[in-house]
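In what follows, a single structure is set out as structure tokens and then discussed.
Worth saying up front: this structure is predicted, and the values here are computed from it rather than measured. The figures here come from the full heavy-atom set of this structure, side chains too, leaving out hydrogens, waters and symmetry mates. Per chain, numbering begins at 1; letters A, B, ... match sequence-line order.
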Amino acid sequence: MPYQAPRGTADILPDDINRWQHVEHVFGALAASYGYREIRTPIFEDRDLFIRTSGETSDIVTKEMYEFVDKGGRNLALRPEGTASVMRAVIEHGLCPQGVIQRLFYFVSFFRYNRPGRGRLRQAHQAGIELIGATGVQADAEVIEIAATAAKSLGVADLVTTINSIGRSEARAKYREVILSHVESWLRDQTTEAQDKARKNPLGLLDSKDEDAKKALVGVPSILEFLEDESKARFDKLQQLLTDAGVSYIVDPMVVRGLDYYTETVFEGVSPSLEGLSIFGGGRYDNLIKAIGGSATPSVGFGMGIERILLAMEANGLQVSAYKPDVFAIAATPDAETTVLRLAREFRGAGLKVTTDPDVRSLKSQLRQADRSGAEYALIVGSDELSKGTVQIRSLATSDQTEVQIEQALREVTSSKVGA
RNA sequence: GCGGAUGUAGCUCAGGGGUUAGAGCGCCUGACUGUGGCUCAGGAGGUCGUGGGUUCAAGACCCAUCAUCCGCCCCA
């Protein structure tokens, strides 16, 4: 094989495309029903933008970004997530001036140089929404509701939504110290790299799947105990709103998310069928816009991994119907070719999906192709029909075949389709 | 970045040093002079992932490399 798709990338083949379109359609329609509008941003940005948003010390920035210098000497990077670009666009185009609430959704490819595996790619796809300009907790609830509803209506029946609050930065700073002192003796036996990492981001330890780390964390108090009163009240109201909305959730104080920019509410969606992978993840990030040079604007949003949704859909047994033409138009003899092509065009003009055999092979072969294509009807014209001005309409499911005047063919097919 | 498994036909896989590399499915043609699916017969399709090495002889053994899958890390 001379060339293969680069490591960690995947082609989306015609047999799979219906599933992708289904996801995009369902997600887009849902977001639109809440008043969100789509935004599309470039696939690469100033490298610095992502450093500002994801955090200098985050894994994404330190080892997972696709970076390059263009011929003009600009330091650029393929986007490693969706939010930063959207926020940059919001600032650049003044989409969210003081007092305005802006609702946006997007579908993007994003790029991370990591080790590919099940549900983990180097180029992956994400659907997401951003609710910008709203401070109130109702916004958090709306966003979580959309995430959970999207996943459920896409067939993730076993979705588990977990929520947590990581409070304001003051509360987090206090809590970080608590964690570090709790695991101090364990940390001493770790590699310097692990120690470094733990010191830079103690909250990250909570997410760890390492058994020893988990053991060391036993008995660590919950971050919820360190929240300020306002944060606590906010988190209580969030739960109230979600319950009212009929969104089932569990509170998990261990959910912290990896990006530096989150404040207060964080959440994620997982499926038991996709162990260790989150389907969606998001939260509130009130400091993000300010951090990249905009005026302080509160925001909340999430990203949902499309590949992961598809895996979970599959695990939950959801099928999406494949493309099938309505009609396969056949020239039984070569002299009928132009008539068949004209007929096909007429049918297409009426909104039907019509395919032909460009090689005009034998009738038998064309019928075989028609059968395989999944078409509902075969239209057959040969020299006999040509001289009579007729066409054979054959149902491929029942083998019923009727001969009608060629001008009647379209009406015949559309009426029986409606009737069926 | 670390550990493990795997790369042979379009797909799923057999072959584990010895002529010309196989099966099932799929594809094409025919039996059926103008009628698909079922059956039968025939046919096309392979630089055995790639590059080195060992050997009289390598798809097989060794080394490297690339890729895929499963864990870890990280996350969507």
Side-chain angles (χ1 to χ4, degrees), chain A residues 1-10 13 15 54 58-65 79-83 107-128 147 151 191 193-194 197 201 204-205 207-213 255-259 268-271 274-282 301-312 328 330-336 357 359 361-375 377-386 392-401 403:
Chain A
M1 211 169 316
Y3 295 106
Q4 310 177 45
R7 182 167 169 77
T9 67
L13 302 174
D15 281 346
S54 294
S58 66
D59 277 19
I60 288 180
V61 167
T62 55
K63 44 188 197 193
E64 295 188 349
M65 273 214 296
R79 65 176 161 228
E81 50 102 15
T83 298
F107 302 107
V108 295
S109 287
F110 64 97
F111 305 84
R112 290 185 198 173
Y113 191 84
N114 57 17
R115 182 122 178 150
R118 176 176 157 86
R120 260 179 283 136
L121 292 167
R122 287 182 174 175
Q123 178 182 190
H125 299 80
Q126 188 179 61
T191 61
E193 196 197 334
K197 201 171 145 182
N201 182 16
L205 285 173
D207 255 350
S208 178
K209 274 147 205 123
D210 183 276
E211 288 305 321
D212 289 338
V255 171
V256 291
R257 314 259 76 230
L259 274 42
E268 64 184 25
V270 297
S271 158
L274 281 185
E275 187 130 21
L277 301 174
S278 55
I279 290 175
F280 60 77
F302 72 86
M304 191 173 85
I306 297 183
E307 284 84 358
R308 292 180 180 184
I309 272 281
L310 291 170
L311 286 171
F328 198 103
I330 295 173
T333 53
D335 53 338
D357 173 15
D359 286 343
R361 280 177 277 190
S362 68
L363 174 60
K364 179 193 284 291
S365 166
Q366 291 187 67
L367 271 164
R368 202 165 29 233
Q369 293 172 63
D371 187 41
R372 270 202 318 271
S373 77
Y377 293 100
L379 291 185
I380 306 169
V381 181
S383 18
D384 292 355
E385 290 77 15
L386 226 42
Q392 307 279 356
I393 301 172
R394 183 180 180 84
S395 160
L396 289 162
T398 66
S399 298
D400 291 340
Q401 185 167 318
E403 182 169 6

Legend entry - A:K364 vs B:U35: side-chain N/O to OP1/OP2 distance below 4.0 Å: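 Answer is no, no contact under 4.0 Å.
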
Inset, instruction - Look at the side-chain N and O atoms of A:R361 and state whether any lies under 4.0 Å from the OP1 or OP2 oxygen of B:U35. - result: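 No.
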
Inset, instruction - Only counting residues at least two apart or in another chain, list the ones meeting salt bridge (Lys or Arg N to Asp or Glu O under 4.0 Å) with A:R115. - result: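 Per chain and number, A:R115 pairs via salt bridge (Lys or Arg N to Asp or Glu O under 4.0 Å) with no residue.
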
For [X] and [Y], work out which heavy atoms get closest and say how close.
| X | Y | result |
| --- | --- | --- |
| A:A124 | A:E307 | CA-OE2, 3.7 Å |
| A:G119 | A:R308 | O-NE, 2.8 Å |
| A:G8 | A:P116 | CA-CG, 3.8 Å |
| A:A332 | A:G382 | CB-CA, 3.9 Å |
| A:E81 | A:F110 | N-CB, 3.9 Å |

Inset, instruction - Looking only at side-chain atoms of A:Y113, point me to the closest of B:G1, B:G34, B:G36. - result: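 Selected nucleotide (nearest to the side chain): B:G1.
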
Legend entry - Side chains of A:Q123 and A:S109, donor plus acceptor under 3.5 Å: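 On atom types as modelled, these side chains qualify, holding a pair under 3.5 Å.
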
Legend entry - Side chains of A:Q369 and A:S365, donor plus acceptor under 3.5 Å: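 The answer is yes; a qualifying pair exists.
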
Does any donor-acceptor pair link the side chain of [X] with the base of [N] at a separation under 3.5 Å?
| X | N | answer |
| --- | --- | --- |
| A:S399 | B:G37 | yes |
| A:R372 | B:G36 | no |
| A:Q366 | B:U35 | no |

Could you check how far [atom1] of [X] sits from [atom2] of [N], rounded to whole Å?
| X | N | atom1 | atom2 | answer |
| --- | --- | --- | --- | --- |
| A:R368 | B:G36 | CZ | P | 8 Å |
| A:L277 | B:C73 | CG | C1' | 13 Å |
| A:R79 | B:C75 | CZ | C1' | 17 Å |
| A:M65 | B:C74 | CE | P | 18 Å |
| A:E64 | B:C75 | CD | C1' | 7 Å |

For atom [atom1], what is the distance between [N] and [M], given to the nearest Å?
| N | M | atom1 | value |
| --- | --- | --- | --- |
| B:A58 | B:G16 | P | 16 Å |
| B:G42 | B:G24 | P | 12 Å |
| B:G37 | B:U33 | P | 13 Å |
| B:U68 | B:A31 | P | 47 Å |
| B:A44 | B:U29 | P | 15 Å |

Check the interface with nucleotides 38-44 of chain B: list each N/O to N/O pair with the protein under 3.5 Å, or write none.
none

Using purine N1 to pyrimidine N3 plus N6-O4 or O6-N4 for Watson-Crick, or N1-O2 and O6-N3 for G-U wobble, each under 3.5 Å, what pairs with [N]?
| N | answer |
| --- | --- |
| B:C61 | B:G53 |
| B:A76 | none |
| B:U68 | B:A5 |
| B:A41 | B:U29 |

Legend entry - A:I279, A:I306, A:L274 screened by side-chain contact (heavy atoms from CB on, under 4.5 Å) with A:L311, the one that passes: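 That would be A:L274; it is the only one of A:I279, A:I306, A:L274 passing the side-chain contact (heavy atoms from CB on, under 4.5 Å) with A:L311.
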
Inset, instruction - Kindly determine whether A:Q392 and A:L379 satisfy side chain to side chain contact (heavy atoms under 4.5 Å, CB included), including the steps that lead there. - result: CA-CA 6 Å; A:Q392 307 279 356; A:L379 291 185; over 6 Å; no

Polar-atom pairs under 3.5 Å, protein N or O versus N or O of nucleotides 68-71 of chain B: list them with distances, or write none.
residue, atom, partner, partner atom, Å
B:U68, OP1, A:G8, N, 3.0
B:U68, OP2, A:R7, NH1, 2.6
B:C70, OP2, A:R118, N, 2.6

